[in-house]
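Data block below; observations after.
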Amino acid sequence: MFRKRWGTRLSLLPFVLVAMLNHLQAASPDSLVDVLERMRIQETQHFRYREIRMMRMLVDPSKAMGDMYISPHRLVISQQSPRLTTTAISAERMLYIDDDQEIYRSLKLERPFAVPGMEPFMWLVFGSGGLADLEKEYKIEFNTGGQRWRLQLTPHNYGEHDIARFWVSGNTGLGPDNLLLEYADGDRSEWQLLVQSRGGAAEQEMRRTLDQLRNCQIPLDCG
């Protein structure tokens with residue numbers, strides 16, 4: 001009888017230990033350094049996104065959905081609705097393509113990945129500096145609670161059409177799943193992100209998206 005009971009207790013021990021470890025991991029909050037390291041892209045990632053734009057000139061918010069691909073060298077936004085558009089960003093250039101409207105725009109960037117209106121996000125993903133460099137450009141507020149982390153960046157200086165505040169948040173131990181950009185003119189844009197794939201699979205999916213753009217009327221130097 002003693003051996004039988006002891007054996008039962010031993011058989012339950014792994015489950016008890018796993019539950020304890022899961023609780024300890026969930027209870028350990030992220031640090032700011034953890035989040036910054038996690039956001040720096042090391043491998044290609046494919047997200048499904050939903051964007052809600054709240055603009056002063058419009059009564060109702062506008063909505064968009066599509067796919068976002070982020071690799072160590074480029075970012076591609078393939079909007080699927082309300083109409084098909086593609087934005088491809090490399091360190092040197094941003095391309096915007098809308099075949100239906102026959103719009104093909106190319107913008108040479110003044111600094112690597114310095115995309116107007118997206119500076120904080122691009123810095124977190126592609127920037128090579130550390131926390132000290134980030135503090136030179138932004139006031140930083142970071143907090144955790146309810147199994148989530150939240151980072152707010154406020155530029156020390158910004159113009160009339162620049163970002164006034166930027167928030168990014170995610171679940172403890174994971175990367176971002178929500179972005180919120182607030183512009184100096186009062187407009188806001190919120191992005192909800194859901195990871196679809198990583199690594200080689202995500203790279204192939206991004207390449208297929210870029211291959212569809214080869215017939216556009218401007219050179220694709222970020223493919």
Side-chain angles (χ1 to χ4, degrees), residues 35 39 41 44-71 74-90 94-107 109 113-126 146-155 158-171 174-198 201-202 205-213 216 220 222:
V35 168
M39 289 196 64
I41 291 297
T44 303
Q45 299 184 39
H46 172 196
F47 298 89
R48 186 67 47 81
Y49 79 85
R50 182 171 183 261
E51 180 190 10
I52 302 176
R53 304 169 189 164
M54 293 146 280
M55 307 177 70
R56 294 177 305 151
M57 305 302 293
L58 299 177
V59 176
D60 297 321
S62 62
K63 300 178 182 179
M65 299 177 64
D67 297 277
M68 177 187 292
Y69 305 91
I70 308 178
S71 79
R74 61 186 59 86
L75 182 148
V76 178
I77 300 173
S78 177
Q79 179 181 290
Q80 303 300 314
S81 68
R83 66 176 189 274
L84 297 176
T85 67
T86 302
T87 302
I89 301 168
S90 68
M94 179 176 72
L95 308 177
Y96 176 80
I97 301 167
D98 184 337
D99 283 328
D100 291 342
Q101 302 292 325
E102 296 186 351
I103 299 174
Y104 307 95
R105 296 175 181 168
S106 175
L107 173 67
L109 303 177
F113 295 106
V115 179
M118 296 179 64
E119 293 93 339
F121 177 67
M122 301 300 282
W123 196 101
L124 292 172
V125 173
F126 296 108
Q147 303 305 320
R148 287 185 66 81
W149 56 265
R150 180 181 173 93
L151 171 63
Q152 177 181 329
L153 300 180
T154 303
Y158 56 87
E160 180 181 359
H161 302 292
D162 294 336
I163 291 178
R165 273 176 294 276
F166 170 77
W167 294 267
V168 57
S169 59
N171 288 322
L174 299 176
D177 58 26
N178 186 274
L179 312 175
L180 178 60
L181 299 89
E182 182 180 285
Y183 296 89
D185 61 7
D187 291 350
R188 294 162 65 96
S189 177
E190 181 176 7
W191 295 65
Q192 298 170 354
L193 307 176
L194 181 63
V195 175
Q196 302 296 300
S197 60
R198 303 175 185 271
E205 292 159 3
M206 182 181 68
R207 287 289 178 180
R208 283 197 292 268
T209 298
L210 290 172
D211 287 343
Q212 297 172 2
L213 307 178
C216 69
L220 241 182
C222 65

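Here the structure is a predicted model, which means the values were calculated and not measured.
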Rounded at 0.5 Å granularity, tell me how far CZ in Arg207 sits from OG1 in Thr44.
8.5 Å

Taking side chain to side chain contact (heavy atoms under 4.5 Å, CB included) as the test, write out the residues that go with Glu190, two or more places apart.
Met54, Asn178, Leu180, Gln192

Phe126: ring pair (Phe, Tyr, Trp, His ring centres under 6.0 Å) partners, not counting sequence neighbours
Phe113

Please identify each residue that fulfils salt bridge (Lys or Arg N to Asp or Glu O under 4.0 Å) with Arg198, with sequence neighbours left out.
none

Can you list every salt bridge (charged side-chain N to carboxylate O under 4.0 Å, His left out) pair that touches residues 57-66, not counting sequence neighbours?
none

With Asp98 via side chain to side chain contact (heavy atoms under 4.5 Å, CB included) - residues at least two apart
Arg83, Thr85, Tyr96, Asp100, Gln101, Ile103

With side chains defined as the heavy atoms from C-beta onward, is the minimum distance between Gln45 and Tyr69 less than 4.5 Å?
no

Closest heavy-atom contact between Ala164 and Pro155?
O-CD, 3.2 Å

Contacts of Arg50 meeting salt bridge (Lys or Arg N to Asp or Glu O under 4.0 Å) (sequence neighbours excluded), chain-then-number -> none

Roughly how far apart are Leu194 CG and Met68 CE, rounded to 0.5 Å?
12.5 Å

Exercise: identify the closest heavy-atom pair between Ala88 and Leu210:
CB-CD2, 4.4 Å

Should Asp162 and Tyr183 count as side-chain neighbours, where that means a heavy-atom distance under 4.5 Å?
no

Using salt bridge (Lys or Arg N to Asp or Glu O under 4.0 Å) as the criterion, list what pairs up with Glu182, not counting sequence neighbours.
Arg165, Arg188

Regarding Ser189 and Arg53, do their side chains bring together a donor and an acceptor under 3.5 Å, going by distance alone?
no

When you look at Arg74 and Ser90, which way does the side chain to side chain donor-acceptor pair (under 3.5 Å) test go after all the steps?
CA-CA 5 Å; Arg74 61 186 59 86; Ser90 68; over 6 Å; no

Decide yes or no for Asp177 and Asn171: does some side-chain heavy atom of the first lie under 4.5 Å from some side-chain heavy atom of the second?
yes

State, with a plain yes or no, whether a side-chain heavy atom of Trp167 is found less than 4.5 Å away from one of Leu153.
no

Identify the two heavy atoms, one from Ser106 and one from Leu95, that lie closest to each other, and give their separation to 0.1 Å.
OG-CD2, 3.5 Å

Just jot down the ring pair (Phe, Tyr, Trp, His ring centres under 6.0 Å) partners of Tyr49, sequence neighbours excluded, or say none.
Trp191

With Asp67 via side chain to side chain donor-acceptor pair (under 3.5 Å) - residues at least two apart:
His46, Arg48

Considering all heavy atoms of both residues, which atom of Pro120 and which atom of Ile163 are nearest to each other, and what is their separation?
CD-CD1, 3.6 Å

Sorted by chain and residue number, the side chain to side chain contact (heavy atoms under 4.5 Å, CB included) partners of Ala114 (sequence neighbours excluded) come out as Arg111

If you measure from CD1 on Ile97 to OG on Ser78, what distance do you get to the nearest 0.5 Å?
10.5 Å

Going by heavy atoms in the side chains, are Phe166 and Leu179 under 4.5 Å from each other?
yes

Any side-chain heavy atom of Phe121 sitting closer than 4.5 Å to one from Ile70?
yes

Taking all non-hydrogen atoms of both residues, which atom of Asp187 and which atom of Arg56 are closest, and how far apart?
OD1-N, 3.0 Å

Val115: what forms a side chain to side chain contact (heavy atoms under 4.5 Å, CB included) with it, not counting sequence neighbours?
Ile89, Met94, Leu109, Met118, Met122

If we count only N and O atoms by modelled type, under 3.5 Å, do the side chains of Ser81 and Gln79 hold a donor and an acceptor together?
no

Could you tell me if the side chain of Leu107 sits less than 4.5 Å from the side chain of Pro116, heavy atoms only?
yes

Suppose we screen for side chain to side chain donor-acceptor pair (under 3.5 Å). Which residues come up paired with Thr86, at least two apart in sequence or across chains?
none

